[in-house]
Amino acid sequence: ATGASAAAAKSGGTLYMVTHNGQFAHADPQRNYTGQDIAFFNTYVYRNLVVYKPAAGPSGSGLVADLATNTGVPSNNAKTWKFTLRPGVKWEDGSAITCADVKYGVSRTYATDVITDGPAYALSMLNIPNNKDGSSQYAGPYKKTGQALFDKAVTCSKDNRTITFNLGHSVADFNYAASYPAFGPVKASKDTGDKYDLKPMASGPYKIAKYTINGEMDLVRNPNWSKATDIVRPAYPDNVTVRFGLDSNVIDQIMLTDSIPNTVNLDGLQPVNNQKFFAEAQYSARRMNVNDPYVRYYGLNSSPGHLDCLLVRKAFFFAWDTQALIDLSGGSQFYGAIGDNPIKPVLGLDYAPTTGNTHDSNFKAAGNPTYAKSLLDQAKTVCPATYAKVTGDVGLSIDLPNNATQQKASVLMKAALSQAGFNVKFNFIPGGQYYPTVQDITKQGDASRAGWGADWANASTVIPPLYLKDGGFDLSGNWLDPVYAGFAAKVTAALAMTDRPKQAAEWKSLAQFAMDQYWISVPIFTKQQLDWGSKVGGVAFWDPQGTFLFPALYVK
Amino acid sequence: MVLRTPRQISWMRFKRNKAAVISGLVALFFILSAFLAPLITKLVGVNPTTTYTKALTQYGMPDGPWGGISLAHPLGVEPGAGRDLLALLLYGSRISFTVALITSVASIGLGMLIGITAGYFRGRVDAVIGRFSDFILAFPSTFMIVALSLPLVQRVEALHVAKDNGARIVVLIIFFVVFGWPGFARLVRSQALSMRERDFVMAAQALGASNWRIITKEILPNLWPTAIVFLSLSLPGFLSAEATFSFLGVGVQAPSATWGLVLSDAVTYWQTDPAYLIIPSAMLVIIVLALNLMGDGVRDALDPKADSR
Amino acid sequence: MLKYVTKRLAYTLIVLVLVSLTVFIIFNFLPIDPARLTCGKSCFPALIEANRHRLGLDVPWWEQWIRFMHGLVAGRNYAEGSAALHCGAPSFGYSFNQHSCVTTIIGQAFPVTFGLAIGSFFLWIVLGVTLGVVAARFKGRLADRLATAFVLIGTSLPTFISGILILLFVALKFNLLNPIEMGMWHSPFTDPFGYFKEFIFPCITLALAYAASYTRFTRSNVIETSSEDFIRTAKAKGLSNKVILRKHTLRAALSPIITIAGLDFAGLLGGAIITEGIFNLPGLGRLSLKAVLIDYDLPVILATTLLAAAFVVVANLLVDIAYAYIDPRVRVG
Amino acid sequence: MSESVLKLEGLKKHFPTTTGGVFSRVKGVVKAVDGVDLEVARGETVGLVGESGCGKTTVGRTVLKLYEPTDGKIFFEGEDITKLSRHEMKPLRSQMQMIFQDPFASLNPRHTVGAIVSASFDIHGIKPEGGVKKSVQDLLERVGLNPEHINRFPHEFSGGQRQRIGIARALALKPKLIVADEPVSALDVSIQAQVVNLLDDLQQELGLAYLFVAHDLSVVQHISDRVVVMYLGKVMEMANTTELFANPRHPYTKALLSAVPIPDPEIERKRERIILQGDLPSPVNPPAGCVFNTRCWKVQDRCRVEVPQVLEISPKHTLACHFPEGN
Amino acid sequence: MTTPFLEVKNLNVSFPTEDGEVMASQDISFNVALGETLAIVGESGSGKSVSNLAVMGLHNRARTNISGEAWLNLASGPVDVISAPEETVRRLRGKSMAMIFQDPMSALHPYYSIGDQLSEAWRLYNEGSKSDGIKRAAQMLDLVGIPDAARRVQEYPHQFSGGMRQRVMIAMALINNPSLLIADEPTTALDVTVQSQILQLLRDMQKEFNMAVILITHDLGVVAEVADRVNVMYAGKIVEKAGIDSIYYNSLHPYTMGLLSSIPRVDQLGGHRLKTIPGQPPSLIGLPAGCSFRSRCEFASNVTGNLCATSAPLLEIKAPEHASRCHLSVEQLNEFNPSDVRGTHK
Ligand SMILES: Nc1ncnc2c1ncn2[C@@H]1O[C@H](COP(=O)(O)OP(=O)(O)OP(=O)(O)O)[C@@H](O)[C@H]1O
Ligand SMILES: Nc1ncnc2c1ncn2[C@@H]1O[C@H](COP(=O)(O)OP(=O)(O)OP(=O)(O)O)[C@@H](O)[C@H]1O
Ligand SMILES: [Mg+2]
Ligand SMILES: [Mg+2]
């Protein structure tokens with residue numbers, strides 16, 4: 001990453017941020033689960049037990065203590081975790097942040113009928129038994145059913161400064177999970193339930209002066225934040241204003257003409273404008289092209305009635321015109337490179353190149369219809385039903401979010417796959433309903449576009465969510481595949497390992513297995529482009545969060 | 001005075017209106033091209049489904065100025081996927097025109113039937129129909145289409161009426177017709193109301209004609225001019241409605257092409273490939289203009305009073 | 001008159017109740033499960049059920065409808081325990097996406113759309129009628145053709161194109177609008193200029209789209225009215241052409257326009273979806289589109305639908321009353 | 001005279017009125033026809049006169065059951081057809097026909113003359129001898145039109161010719177009774193006579209009976225055997241033509257006759273004109289007593305309360321007046 | 001006779017249409033003096049309205065070809081309304097010449113009250129407030145015999161019956177004391193009893209204001225009742241022109257004769273066949289050479305040679321104050337005339 005240059009950072013000014021979205025997905029700490037939103041709120045509005053280091057490059061993936069004085073102390077084979085709070089940290093209203101506040105905050109995750117959309121780490125990790133239907137016996141702080149169970153799982157020291165989490169099983173990197181605001185404090189007396197999402201109480205350097213959905217969010221300095229207690233946030237600008245809902249063309253226009261020089265573009269340019277922006281020298285100081293934390297792929301639904309035949313999935317894999325799709329989205333320079341793994345190389349320890357798939361001699365970036373056809377021909381005898389489906393009238397259906405780029409992409413997909421003999425259909429789903437739809441196996445098609453990035457630097461946040469039935473993001477319907485049982489057992493075992501190198505070796509072999517099963521299409525290790533106005537300084541990429549390194553931004 | 005049939009007179013008047021004749025020819029040209037799309041593309045040597053990725057740069061933009069206009073691609077190629085724009089527009093017009101035409105004809109047909117029924121029978125029938133169309137008009141149509149199209153497409157597919165884009169076209173048409181007929185029905189109703197008071201209807205009754213005969217033989221023929229004019233004016237309306245709904249993502253979807261899809265895609269390329277936006281927009285403007293001017297011409301030609309003004 | 005208006009209002013109410021019922025039925029029978037759609041990233045059956053309960057969808061549709069109607073008159077409570085919420089009457093429900101009572105949300109979006117509607121309404125009437133009169137006066141001549149062509153081009157380009165073109169090539173190109181301020185609410189009372197700047201371009205966009213039918217309508221009505229006997233009478237009195245046009249021709253030619261204008265206006269209020277999107281106006285159109293395509297926010301969908309329906313019905317009523325006011329033949333009785 | 005083709009007994013036709021426009025609601029009834037007794041004999045012409053809106057057209061249309069009568073009885077050839085349904089009426093339609101006032105509105109502009117005249121065959125499923133075309137051409141010839149014009153459209157004909165088309169249509173099924181509703185009032189002066197003569201001739205040849213509705217007394221006087229004078233839905237006076245014109249007894253009849261202009265300046269100069277005051281009262285709200293009392297110059301208190309009886313004051317001369325004009 | 005107020009000389013009006021030029025009125029010359037009533041008769045489409053609309057300047061100048069002269073002998077000097085600029089003619093309308101039209105139902109603006117419409121006309125030529133105008137309007141309504149005028153000025157046209165609307169039209173035309181009143185079929189749409197009321201009113205008004213009146217009608221009965229002189233028109237031309245009695249008792253044109261004898265009369269017995277004029281009036285487009293009445297003229301054969309077909313007759317003075325457009329001589333005409341029309345069936 002480049003960007004943060006020699007010039008000294010400067011305090012003051014208003015920093016604008018623009019986005020096409022109508023609102024932040026969530027502002028409530030317990031519901032916040034999007035990289036950019038977490039980075040934003042963690043930087044500006046609220047503090048957390050531990051946070052990612054505000055630094056560019058790989059070192060940004062390390063944790064630093066923020067609200068806590070340490071990055072967590074495990075014991076009992078990593079089944080018990082302790083954090084001690086830093087003294088002198090205050091809420092927006094001037095009161096001190098206590099262990100009880102953190103405990104209360106964590107408890108909110110359990111109120112699943114109010115606090116939705118957030119990460120379920122607390123639910124799955126804390127030592128609280130579940131009901132038969134899979135819900136927790138603790139119903140959260142609003143209803144208070146099972147409160148005693150929670151009080152046992154999370155305890156506060158007498159001085160109200162040390163919080164202890166008792167986990168149901170060993171979690172070697174629980175402190176990474178604790179970097180999520182979901183483990184952050186909320187003051188019980190100031191909790192407004194659902195409405196907390198509009199105005200969470202600030203503990204960071206800024207407080208929310210105004211937030212209108214489809215309008216703007218205005219941050220002003222929080223007088224009760226003291227720099228002395230905070231080693232993470234330089235808090236340069238006086239004001240931060242986020243403008244929601246601008247037309248993408250307007251945003252691109254702002255960036256291209258630099259008409260609002262103190263602006264940061266939260267969305268990135270549209271692919272069509274990237275090329276110009278990144279080609280012309282006049283923009284060179286206002287752009288950055290980086291690897292993001294995501295792998296993009298198509299989940300291949302291997303459940304019965306879909307692509308329940310390895311040969312067919314393989315044929316799909318080899319027929320795919322990856323290059324054309326990459327070009328459509330800006331070429332390898334902007335969109336990304338062909339990968340071989342659901343785990344991205346940035347995960348270092350857990351990544352190793354796989355064999356087969358894109359390393360197969362028959363693999364061609366622009367698709368190999370001949371080879372794919374031969375695979376399909378084999379499938380004709382091996383699994384005639386599946387063959388008949390994908391080549392016949394029913395056809396192979398691909399789920400795509402409904403937007404202009406994907407509509408375009410479908411043209412290319414159809415062109416490539418039909419050459420191999422597939423009869424392709426598309427199922428365009430409105431953006432907001434896309435994931436809920438494809439995550440429903442009864443609604444999912446045969447292949448669904450998806451992308452995933454590790455929650456933190458451990459493939460435990462990749463392999464299980466992507467390939468375990470209840471992992472949360474399994475789009476390959478593989479639990480109905482006969483090979484699943486053995487695979488799942490290995491994943492569960494790997495999850496419980498506390499020996500990190502051994503665990504890493506296990507993730508590598510599981511990734512290889514998943515690729516050998518062709519549970520996903522050609523993975524793409526994607527890139528991301530950042531762009532900002534000429535008056536914005538200190539720009540860098542925050543690797544683990546996949547967005548701007550917000551703490552460093554300042555107005556020139 | 002030379003005696004002529006009304007048709008001949010209208011035709012004469014129409015022929016003298018140069019703007020209308022030219023517009024008619026233009027419209028005819030577009031419609032014919034849509035009809036002959038396979039032939040034309042074959043002659044030019046392009047294919048609507050082929051992705052001419054070779055004509056694109058590594059960033060997926062057309063290689064060459066003006067959207068990559070060349071001998072091989074007379075209107076250039078589509079950025080991104082690289083299909084031939086001429087083929088795309090020709091084949092796109094097939095769906096767009098079909099949707100517009102079917103919708104217009106169906107909503108006018110339905111409106112006519114219901115309008116005549118209301119106007120001819122009056123009384124309770126009229127009141128019921130009137131209330132019902134008020135009720136339909138009360139729904140915000142654009143909004144309903146957006147909200148309901150996806151689930152309805154699924155319904156249509158589940159009923160095995162049509163699949164994919166077929167189903168989407170069916171749904172779009174159903175929506176347009178459902179929300180389109182009341183306007184025309186009102187117009188027809190008022191005409192039918194006055195028509196039924198005309199003596200020739202009374203004369204038919206005096207001869208013992210049935211209601212059916214009166215509606216179909218006496219009243220209906222007199223409503224053709226209204227219908228034709230309305231048709232020529234509603235066609236362009238539905239053309240741009242199709243475009244708008246494609247823009248909102250609820251119309252026909254890729255890889256099929258319609259003018260609406262092309263236009264809504266082109267908007268994002270306004271800066272990098274303006275030709276891609278300008279060419280289809282110009283076509284749309286031209287055909288809408290042509291249809292409107294032709295509609296005016298038809299109306300003037302069919303209006304017996306046109307000359308005395 | 002009063003009795004008539006009361007009767008019509010009652011009728012309006014009935015229509016609205018029916019519309020709401022229809023919307024409930026339609027959405028209930030759709031193959032879509034809002035509880036699932038809005039359940040979030042990591043979702044499992046227990047969560048879906050919890051969500052269903054949260055959204056109030058765990059009862060049959062008719063009970064949902066009764067709750068809705070009850071909420072309208074008596075307000076409504078959401079969630080339980082210390083997280084309980086209340087939306088006071090008239091409550092259109094609570095949007096869990098926007099964390100506000102729908103009535104509040106609508107209350108904020110409405111003035112935006114209303115301002116847009118009024119502005120473009122005024123513009124398109126002025127533009128449409130002026131061009132229509134010009135076209136009629138110079139029937140068959142160049143001015144007629146130019147006016148017709150101008151408005152036709154205006155309408156034939158879908159708003160998503162004309163709007164973008166106006167925004168990018170006029171408003172932004174000439175720095176007439178600060179893009180970062182687009183969609184900021186300037187109160188017309190305290191900051192009329194800011195308000196004007198914000199609204200003029202979207203108004204022009206919509207006016208262009210709508211003006212054509214008014215031009216055509218005015219043109220043909222003026223031509224038609226000009227051959228009426230009472231215009232000849234006015235001429236025979238010795239009135240000048242200007243007075244005849246203004247007082248006699250236009251009055252008769254334009255009154256039928258009220259009917260369409262009223263409905264168009266109501267339709268606009270129901271949401272100028274695309275224009276609001278392009279110009280980032282946080283009005284009803286944007287609101288509803290987001291509710292449908294992004295959030296699947298049923299209470300907002302319902303409320304905007306009902307509001308739009310209410311406008312159409314009320315506009316109808318107003319048109320009829322206005323008509324009776326203008327045309328004395330309708331007034332008696 | 002011979003037996004009657006048509007007989008009306010106390011015929012009433014009331015229309016419910018709405019206030020019109022958006023404020024529409026039922027306000028009252030228009031007593032368009034309020035108790036009319038009348039008889040038309042075979043081959044006879046009965047003229048029906050009165051001012052605009054007095055109910056002449058309504059009588060004509062009710063006779064043909066184009067309007068459902070509100071009360072009273074209609075006998076056609078001795079048969080009571082008052083209660084017959086539309087369906088039951090159909091066979092009778094061929095025997096009673098209508099000629100309309102407005103030759104421009106009564107012919108469907110989109111049908112050819114052939115289609116218009118042959119519609120009756122079509123509707124009644126009749127296959128005339130020699131084919132439809134021949135019959136239509138015969139009919140056209142009979143009414144004085146060029147039989148070759150069978151494929152022309154109405155607008156290609158002049159008003160008088162169009163009225164002939166209307167007559168041909170009425171004759172197609174060889175009716176016994178024709179209700180002629182102001183058949184010449186829309187025609188030019190020089191054409192009017194042609195049509196009147198045609199009607200005369202047809203009656204002679206075919207033995208038709210006419211109920212001849214008109215407001216032009218000179219035409220009625222010319223063509224009718226008997227004349228009925230109506231005012232506000234009621235019959236005021238009825239007599240043989242000669243008798244009525246020579247010896248009008250009802251003040252209204254008298255006023256009507258005196259108002260008819262005569263194309264003869266000398267007579268006009270000498271003529272004593274009775275100029276009625278005011279307008280025809282609204283049939284929604286007719287005056288009590290004698291309906292003519294508001295405009296009658298002989299009005300007395302009795303007229304305002306008591307409805308005059310219809311009395312036969314001399315053979316074939318009936319009158320409804322308290323204070324008839326002297327003999 | 002005093003000098004005429006209106007002198008029309010060789011007026012031609014034609015309309016270019018797609019089928020050709022419609023020669024709506026040709027070579028029209030006539031004059032009217034103050035206090036005199038000139039009737040113009042002829043059947044529908046014979047050019048009665050067109051020629052008078054030309055005098056009023058009410059044709060759309062762009063779509064009408066008008067030639068000839070029409071002099072108004074005003075106190076301020078004569079003006080030729082055909083050649084005068086539009087604005088000048090406009091200022092004469094309503095004040096020096098006024099017109100009332102056939103259909104009282106559609107000639108009033110439906111949206112304005114009667115008072116508004118009348119006062120608008122009055123205020124055009126008089127200083128005064130709107131309420132003065134309304135007062136004046138009420139006076140006029142009273143004058144034309146509308147009872148309760150003060151109240152009725154506030155009403156709208158649709159609240160008036162046909163006869164009353166025609167009275168309103170008359171009141172409107174007379175409100176500025178015009179010297180010339182052109183009444184275009186003022187009673188055609190009205191009932192006989194109302195018609196006689198209106199004609200009576202017109203006569204009274206003429207006396208009161210000493211106007212020149214042109215009465216356009218096709219009803220020879222009405223003419224007999226009110227006119228001093230008569231112009232008979234046929235196919236766009238004046239075919240006969242004479243004093244009232246000469247026309248009725250001594251007609252010198254076959255068309256007029258035919259017309260008079262084809263009208264049934266209440267003062268005559270029915271039962272006889274009506275005399276008819278066979279055939280139809282000709283189209284006004286591309287009128288053939290010769291007499292336009294010849295195809296319907298029963299006496300055409302009496303003209304020597306082929307004169308009727310080849311040359312159009314001129315409007316000649318055939319008797320004192322009596323002109324006719326016919327090739328036949330006065331003697332022949334007198335012979336063919338069913339001499340006393342009035343007496344035939346007495
Ligand atoms: N369908 C109808 N509905 C309501 N009122 C009607 C209807 N038809 C006729 N009337 C009313 O009945 C009365 C008599 O009408 P009718 O047409 O019979 O009169 P008319 O004597 O034929 O008059 P005209 O000479 O004008 O033709 C009028 O007041 C008329 O308004
Ligand atoms: N604007 C016009 N364009 C073409 N032809 C016209 C126009 N106005 C009138 N005419 C024709 O001129 C002729 C004379 O018309 P005009 O109105 O003077 O007849 P009229 O004698 O007044 O008849 P009516 O008794 O029907 O009023 C008619 O044939 C008519 O069709
Ligand atoms: Mg009648
Ligand atoms: Mg005329």
Side-chain angles (χ1 to χ4, degrees), chain A residues 247-249 252-253 256-257 269-279 321 323-335 366-367 393-395 397-398 400-419 424-431 433 437 443, chain B residues 47-54 56-63 77-84 88 146-147 149-151 153-154 157 160 163-168 246-258 260-274 276-277:
Chain A
D247 190 280
S248 299
N249 288 310
D252 289 9
Q253 182 76 1
L256 284 163
T257 57
L269 297 170
Q270 298 179 88
V272 290
N273 291 324
N274 250 334
Q275 189 201 342
K276 182 183 169 78
F277 200 80
F278 279 77
D321 185 351
Q323 195 58 52
L325 289 171
I326 289 177
D327 288 349
L328 170 67
S329 303
S332 17
Q333 189 190 345
F334 301 120
Y335 187 58
D393 257 2
V394 181
S397 67
I398 302 182
L400 292 171
N402 191 5
N403 60 46
T405 314
Q406 295 312 321
Q407 295 246 355
K408 238 349 155 29
S410 71
V411 176
L412 296 163
M413 294 174 196
K414 179 152 181 143
L417 292 174
S418 358
Q419 275 189 57
V424 201
K425 303 268 168 81
F426 297 94
N427 184 19
F428 290 97
I429 302 166
Q433 300 165 24
T437 308
K443 299 246 168 78
Chain B
N47 188 319
T49 51
T50 311
T51 51
Y52 298 95
T53 36
K54 292 225 174 59
L56 300 178
T57 66
Q58 53 169 326
Y59 304 108
M61 299 309 293
D63 210 354
V77 289
E78 170 200 26
R83 285 177 293 180
D84 180 79
L88 212 56
V146 173
S149 77
L150 179 68
V153 167
Q154 290 170 3
E157 284 182 329
H160 300 290
K163 279 188 301 189
D164 299 318
N165 277 327
R168 292 192 193 99
S246 290
F247 177 76
L248 290 173
V250 294
V252 175
Q253 289 170 344
S256 294
T258 68
L261 274 177
V262 171
L263 281 170
S264 70
D265 182 43
V267 166
T268 49
Y269 291 92
W270 63 273
Q271 190 149 51
T272 42
D273 185 4
Y276 182 43
L277 177 60

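A, B, ... follow the sequence lines: proteins, then strands. Residue 1 opens every chain. Side chains included, hydrogens not; waters and symmetry mates left out as well; all remaining heavy atoms used.
Ranked by heavy-atom pairs under 4.5 Å with chain B, the list Q407(A), K414(A), M413(A), K425(A) is led by Q407(A). The most heavy-atom pairs under 4.5 Å with chain B, out of D252(A), I326(A), N402(A), come from N402(A).
Proximity to chain B (any heavy atom under 4.5 Å) is shown, for Y335(A), by neither the backbone nor the side chain. Looking at T268(B), the atoms closer than 4.5 Å to chain A (heavy atoms on both sides) sit in the backbone and in the side chain alike. For a residue to count as touching a neighbouring chain, one of its non-hydrogen atoms must lie under 4.5 Å from one of that chain's; by this rule L325(A) does not touch chain B. Using a 4.5 Å cut-off between heavy atoms, Q253(A) touches chain B through its side chain atoms alone. Contact of Q406(A) with chain B is not made at all, since no heavy-atom distance falls under 4.5 Å. With a 4.5 angstrom heavy-atom cutoff, V153(B) does not touch chain A via any of its atoms.
Separation of atoms CG (N273(A)) and OH (Y269(B)) is listed at 10.0 Å; rounding is to 0.5 Å.
Judged purely by atom type and a 3.5 angstrom limit, K408(A) has no side-chain atom pairing as donor or acceptor with the backbone of D265(B).
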